*Asks:* 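Take this structure, written in C-alpha cells, and hold onto it; I'll ask about it next.
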Amino acid sequence: MKIDRLIGILSVLLQKGKTTAPELAERFEVSRRTISRDIEALCMAGIPIQTAQGAGGGISVMEGFSMDRTLLTSKDMKMILAGLRSLDSVSGSNYYGLLMEKIKPGSSDIIAGSDSVLIDLSSWNRDAIAPKVSLIQDAIEAGRTIAFDYHAPSGDTHREMEPYYLIFQWSSWYVYGFCLMRKNFRMFKLNRMTGVRCTQQTFSMREVPAPKLSVQKLYPPEIPVKALVHPDMKWRLIEEFGPDCFTERADGRLLFSGFYSDMESLLTWILTFGDRMEVLEPAEVKGKLLSIANNIRKMYGDDEHEKMV
C-alpha cells in the first residue's frame with residue numbers, strides 16, 4: 001500500500017540521511033517512477049525533501065529538519081508497531097513486519113520492554129481472504145475497478161465496482177466503493193465475494209461519502225424481542241448484547257429484552273439456542289418456529305431414517 005511505502009521511505013531518509021531512487025526502488029520492490037511519485041507525495045505532505053544530481057547526489061531530507069520524536073512515547077510507538085504487525089495477520093505475507101523493522105532501528109531509543117498488545121485481523125478463512133485483500137489494495141492504488149460474483153440472501157449477482165476503502169469490522173472484511181450496477185455507494189463482504197479480479201478499466205476519483213459503519217445504520221433495531229433464556233446461556237447474552245440486556249427471575253431463567261433488524265436473522269439467532277430459549281415476543285415467531293420444527297422433523301423423521309439405513 002502506498003501509505004506504508006511512504007512511511008518506510010521517510011524512515012529510511014531519517015535514518016540514512018541520503019539515498020538514491022534506485023536504492024529505494026530496489027528496497028521497496030517498485031519502479032523508479034513510483035519512487036519519484038512517492039517523493040512528490042511526501043513533499044506535498046510538508047516534508048522538506050531535496051534531490052541532487054551527479055556524483056555525491058541523491059535524495060535527502062533538508063538539513064535542520066527532524067521529526068519531534070518527543071511526541072511519540074514508548075507506548076505510542078508500541079501501538080503503532082502493533083498495528084503494523086496486525087496487518088500481516090490478514091495479508092498472508094510478512095510485508096508489514098519488514099516495514100516495522102525498517103522503522104524500529106531509528107526508533108530504538110523509545111521502544112522498551114516486550115510487546116503487550118497483539119492484534120489478529122484474520123478471519124476464520126484467512127487463506128481465502130488474504131488474496132482478496134491484496135488484490136483490492138492493488139486495485140485501489142492503481143485506480144482500477146474490480147469485478148466479482150456476490151452471494152447474498154437475496155440471490156447471486158455479478159458486480160463491478162470502483163473500490164475506495166477496505167474495512168475490517170464485526171470480525172469480517174468489507175470493501176466499500178461505487179457499485180456500477182446500482183449506481184451508488186455500497187459495501188460488500190469479502191467472504192461473500194468469489195471470482196474477484198482487477199479489471200483494466202480505470203476510474204476517476206469521486207467525492208466519496210463516509211461509509212455508514214454504525215450497527216444502527218446497517219442493522220436498524222426494528223423488531224422488539226423478549227425471551228426467557230436458560231441461565232447456562234448467560235455468557236452468550238452478555239457477549240452479544242451486553243450485561244444490561246436481561247434480568248434474572250426467581251426461577252433462575254433470564255428475561256431477555258432486545259431488538260433485531262429482520263425476521264430471518266432473528267429466527268436464525270433463536271434456533272442457535274436450541275431448547276435453551278423460550279420466545280415471548282413477537283407472537284408470530286412461535287408459529288414460524290413450529291413450522292421450521294415440523295419441516296425438520298419430516299426431514300429427519302424415523303421413516304426417512306429407516307429408508308436411509
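The structure displayed is predicted, hence computed values, not measured ones. All residue numbers in this chain count up from 1 along the given sequence.
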*Asks:* Checking R236 against T272: is there a side-chain donor and acceptor pair closer than 3.5 Å?
*Replies:* yes
*Asks:* Cluster question for you: counting only ILVMFWY and a side-chain heavy-atom cut-off of under 4.5 Å, with indirect links fine, are Y300 and L289 together?
*Replies:* yes
*Asks:* Would you sort out whether F241 and F256 count as a ring-ring contact (aromatic ring centres under 6.0 Å, His included), showing the intermediate values?
*Replies:* CA-CA 10 Å; F241 288 88; F256 166 80; 5.1 Å; yes
*Asks:* Going by the rule side chain to side chain contact (heavy atoms under 4.5 Å, CB included), which residues pair with C179 if we only count those two or more places apart in sequence or in a different chain?
*Replies:* R159, M181, R182, R186, F188
*Asks:* Supply the atom-to-atom distance I59 CD1 to S36 OG, rounded to the nearest 0.5 angstrom.
*Replies:* 7.0 Å
*Asks:* Between I49 and V12, is there shared hydrophobic-cluster membership here, with clusters defined by ILVMFWY side-chain heavy atoms closer than 4.5 Å?
*Replies:* yes
*Asks:* Minimum heavy-atom separation for I223 to P282, with atom names?
*Replies:* CG2-CG, 3.9 Å
*Asks:* For residues Y174 and L190, report the shortest heavy-atom separation together with the two atoms involved.
*Replies:* C-CD1, 3.6 Å
*Asks:* Applying side-chain contact (heavy atoms from CB on, under 4.5 Å) to C198 and D138, what does each step give before you reach the verdict?
*Replies:* CA-CA 8 Å; C198 181; D138 292 341; over 6 Å; no
*Asks:* Evaluate the side-chain proximity of W269 to E240: yes if any heavy-atom separation is below 4.5 Å, no if none is.
*Replies:* yes
*Asks:* When you measure from the side chain of T268 to the backbone of E264, do you find a donor-acceptor pair of N or O atoms at a distance under 3.5 Å?
*Replies:* yes
*Asks:* Between F185 and Y164, how do the two ring planes meet: parallel, tilted or perpendicular, split at 30° and 60°?
*Replies:* tilted
*Asks:* Counting neighbours of CD on E29 that are heavy atoms of other residues, nucleotides or ligands and sit closer than 6.0 Å, is the number greater than 12?
*Replies:* no
*Asks:* Can you tell me if E284 has over 12 outside heavy atoms packed within less than 6.0 Å of its CD?
*Replies:* yes
*Asks:* Please check if L280 and F259 belong to a single hydrophobic cluster, counting links between Ile, Leu, Val, Met, Phe, Trp and Tyr side chain heavy atoms closer than 4.5 Å.
*Replies:* no
*Asks:* Start with the C-alpha distance between V208 and Y165, add both sets of side-chain angles, then the distance that settles side-chain contact (heavy atoms from CB on, under 4.5 Å), and finish with yes or no.
*Replies:* CA-CA 10 Å; V208 186; Y165 295 106; 3.9 Å; yes
*Asks:* Looking at every heavy atom in both Q50 and V61, which two are closest together, and how far apart are they?
*Replies:* NE2-O, 4.5 Å
*Asks:* CZ of R27 to OG1 of T19: how many Å apart, nearest 0.5 Å?
*Replies:* 8.0 Å
*Asks:* Identify the two heavy atoms, one from T199 and one from R144, that lie closest to each other, and give their separation to 0.1 Å.
*Replies:* O-CD, 3.2 Å
*Asks:* What distance separates F246 CZ from K234 NZ, expressed to the nearest 0.5 Å?
*Replies:* 5.0 Å
*Asks:* Give a yes or no answer on whether the side chain of K132 reaches the backbone of V196 with a donor-acceptor pair at less than 3.5 Å.
*Replies:* no
*Asks:* Which distance, rounded to the nearest 0.5 Å, do you find between the CE of M277 and the CG of L254?
*Replies:* 9.5 Å
*Asks:* Check the hydrophobic clustering (I, L, V, M, F, W, Y; side-chain heavy atoms under 4.5 Å; chains of links allowed) and say if M233 and L237 are grouped together.
*Replies:* yes
*Asks:* If you look at every heavy atom in A139 and I146, which pair is closest and at what distance?
*Replies:* CB-CG2, 3.5 Å
*Asks:* With a 4.5 Å limit on heavy-atom distance, are the side chains of N294 and R297 in contact?
*Replies:* yes
*Asks:* Mind checking the CZ-NZ spacing from F178 to K183? Nearest 0.5 Å is all I need.
*Replies:* 6.5 Å
*Asks:* Side-chain donor-acceptor pair under 3.5 Å between Q201 and T145, yes or no?
*Replies:* no
*Asks:* When you compare the side chain of S261 with that of E222, does any pair of heavy atoms fall below 4.5 Å?
*Replies:* no
*Asks:* Would you give the length of the straight line joining atom CZ of R37 to atom OG1 of T34, rounded to the nearest 0.5 angstrom?
*Replies:* 4.5 Å
*Asks:* Quick one: closest heavy-atom pair of P163 and I136, and the distance?
*Replies:* CB-CG2, 4.3 Å
*Asks:* Determine whether M263 and L271 fall in the same hydrophobic cluster, where Ile, Leu, Val, Met, Phe, Trp and Tyr are linked whenever their side-chain heavy atoms lie under 4.5 Å apart.
*Replies:* yes
*Asks:* Test side-chain contact (heavy atoms from CB on, under 4.5 Å) on F148 and M161; report intermediate values, then the result.
*Replies:* CA-CA 9 Å; F148 54 91; M161 74 178 301; 3.8 Å; yes
